[in-house]
Amino acid sequence: MRSLAESIRTADGLIDALGLPEDLREPARAAEKLFPTFVPRSFLARMRPGDPADPLLRQVLPLGEETAPPPPGYATDAVGDAAARPVPGLLHKYRGRALLILAGACAVHCRYCFRRHYPYGEDPRRLEDWEPAFEYLENDPSIREVLLSGGDPLMLTDDRLRQVVERLECIPHLTRLRVHTRLPIVLPDRVTDELLALLRSTRLTPWVVVHANHANELVGDCAAALRALVQNGTPVLNQAVLLKGVNDDADALCALGERLADLGVQNYYLHQLDRVAGAGHFEVPDDRAAALMAQMHARLPGYAVPRLVREEPGAPGKTPL
Ligand SMILES: *Cc1c(COP(=O)(O)O)cnc(C)c1O
Ligand code: SF4
């Protein structure tokens, strides 16, 4: 995809494109050695030039804080993925649904990402390498729903995605297909006519879960892509992460809730940060999170208030807070 190839891949490129203060440069260069910078042009275009506090920039700009020793309780496998991987490329943590790690890559590198330390290289790449995961799904009739995740599953081409979906359709006890993707947000032209047709035509009931953290993300080509999905008849949900300096105030969270409601997207989860090494500076304390939830309840329609959750290793689902 051309728009992917044009992405910004260095902190220098990001700082120069937005005219950011020079003192950000050295710490950013150090931090991107641990997790590279990666920002699509469409996402960049929604940032305010010259503003180091821009809520979209904060999600993707490497900071010196990332290179500090992690606070106690922060780990490289924060959510217990390693223990929930019965075969390569598949995570089975919760009853009735299993998650396929379909792609190692993303079209954006979010600095708080819980998968910044994930051993993607160990997961399969060619279609036949997926057979053990497909057979695992075949052999467990309790699984009704498959989540396509990653990385980002829409990093696959539409042809490859169709092949995967067709293989999943052959498993009779599967009824639903869920696509967890950030591409409609950061690289909206990935929502192609072929993708919309695939979601309309599969016998599996599709759900799409996108990931936006701030109302400023949901404008222009991104809003158009979300509308196209909704008009396609595909239910679209959003999950956000509560992030200090990005969306940790009531006005920002309410604006996000309103904007999602206007677009017909369900405000599904607000995640408390996974305690992953290098992301501690994004953490918002639980009591502050609860106060923000109370303000959302007071200001938004009920359906526009998300569920505040945390992912805990060994829990039967996301833990409500
Ligand atoms: C989050 C997650 C799911 C989906 O959980 P829901 O509460 O159904 O959205 C499924 N599998 C894994 C491994 C997950 O991490
Ligand atoms: S899109 Fe999701 S998986 Fe990819 S870097 Fe961002 S948070 Fe991580």
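In listed order, ligands and their atoms are each counted from 1. Only this structure's heavy atoms are used, side chains among them; waters, hydrogens and symmetry mates stay out.
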K.L.:
Checking side-chain polar atoms at under 3.5 Å, does Tyr74 have a donor or acceptor matched by the opposite partner on Asp274?
P.N.:
no
K.L.:
Name the one of His281, Glu65, Glu66, Glu32 that satisfies side-chain hydrogen bond (donor to acceptor under 3.5 Å, both in side chains) with Arg111?
P.N.:
Glu66
K.L.:
Checking a contact table here: which protein heavy atom is nearest atom 6 (P) of ligand 1, and how many Å away?
P.N.:
Tyr268 OH, 3.4 Å
K.L.:
What residue among Asp251, Asn213, Leu218 forms side chain to side chain contact (heavy atoms under 4.5 Å, CB included) with Leu256?
P.N.:
Leu218
K.L.:
If you count the atoms of ligand 1 from 1 in the order shown, which ones are under 4.0 Å from a heavy atom of Arg97?
P.N.:
5 (O), 6 (P), 7 (O), 8 (O)
K.L.:
Measuring from non-hydrogen atoms of His92 to any atom of ligand 1, is the shortest distance under 4.0 Å?
P.N.:
no
K.L.:
Could you name the option among Val209, Leu91, Leu99 that has the heavy atom nearest to atom 12 (C) of ligand 1?
P.N.:
Leu99
K.L.:
Which value, rounded to the nearest 0.5 Å, describes the distance between Tyr269 atom OH and Leu242 atom CG?
P.N.:
16.0 Å
K.L.:
Below a 4.0 angstrom heavy-atom separation, can you tell me which part of Cys106, side chain or backbone, both or neither, approaches ligand 2?
P.N.:
side chain
K.L.:
Would you mind running through ligand 1 and noting each atom that sits below 4.0 Å from a heavy atom of Tyr269?
P.N.:
6 (P), 7 (O), 9 (O)
K.L.:
In ligand 1, which numbered atoms sit nearer than 4.0 Å to a non-hydrogen atom of Leu147?
P.N.:
3 (C), 4 (C), 10 (C)
K.L.:
Quick one: does Arg178 get within less than 4.0 Å of ligand 1, heavy atoms only?
P.N.:
yes
K.L.:
Determine yes or no for a side-chain-to-main-chain donor-acceptor pair under 3.5 angstrom, with Gln239 supplying the side chain and Val209 the backbone.
P.N.:
no
K.L.:
What's the verdict on salt bridge (Lys or Arg N to Asp or Glu O under 4.0 Å) for Glu128 and Arg167, showing C-alpha distance, side-chain angles and the deciding distance?
P.N.:
CA-CA 11 Å; Glu128 54 267 35; Arg167 180 67 184 84; over 6 Å; no
K.L.:
Number the atoms of ligand 2 from 1 as they appear, then name those within less than 4.0 Å of a heavy atom of Arg182, with their elements.
P.N.:
1 (S)
K.L.:
Report yes or no: do Ser142 and Asp140 form a side-chain donor-acceptor pair below 3.5 Å?
P.N.:
yes
K.L.:
Provide, to 0.1 Å, the distance between atom 11 (N) of ligand 1 and the closest protein heavy atom, together with that atom's residue and name.
P.N.:
Tyr94 CD1, 3.8 Å
K.L.:
Hey, which atoms in ligand 2 end up nearer than 4.0 Å to a heavy atom of Val108?
P.N.:
1 (S), 5 (S)
K.L.:
Atom CG in Leu300, atom CD in Gln295: separation rounded to 0.5 Å?
P.N.:
10.5 Å
K.L.:
Answer yes or no: is there a donor N or O on one side and an acceptor on the other, between the side chain of Arg275 and the main chain of Gly280, under 3.5 Å?
P.N.:
no
K.L.:
Using a distance threshold of 2.8 Å, state whether an N, O or S atom of His109 lies below it from atom 8 (Fe) of ligand 2.
P.N.:
no
K.L.:
Closest non-hydrogen protein atom to atom 14 (C) of ligand 1, residue and atom name please, with distance?
P.N.:
Lys318 NZ, 3.1 Å
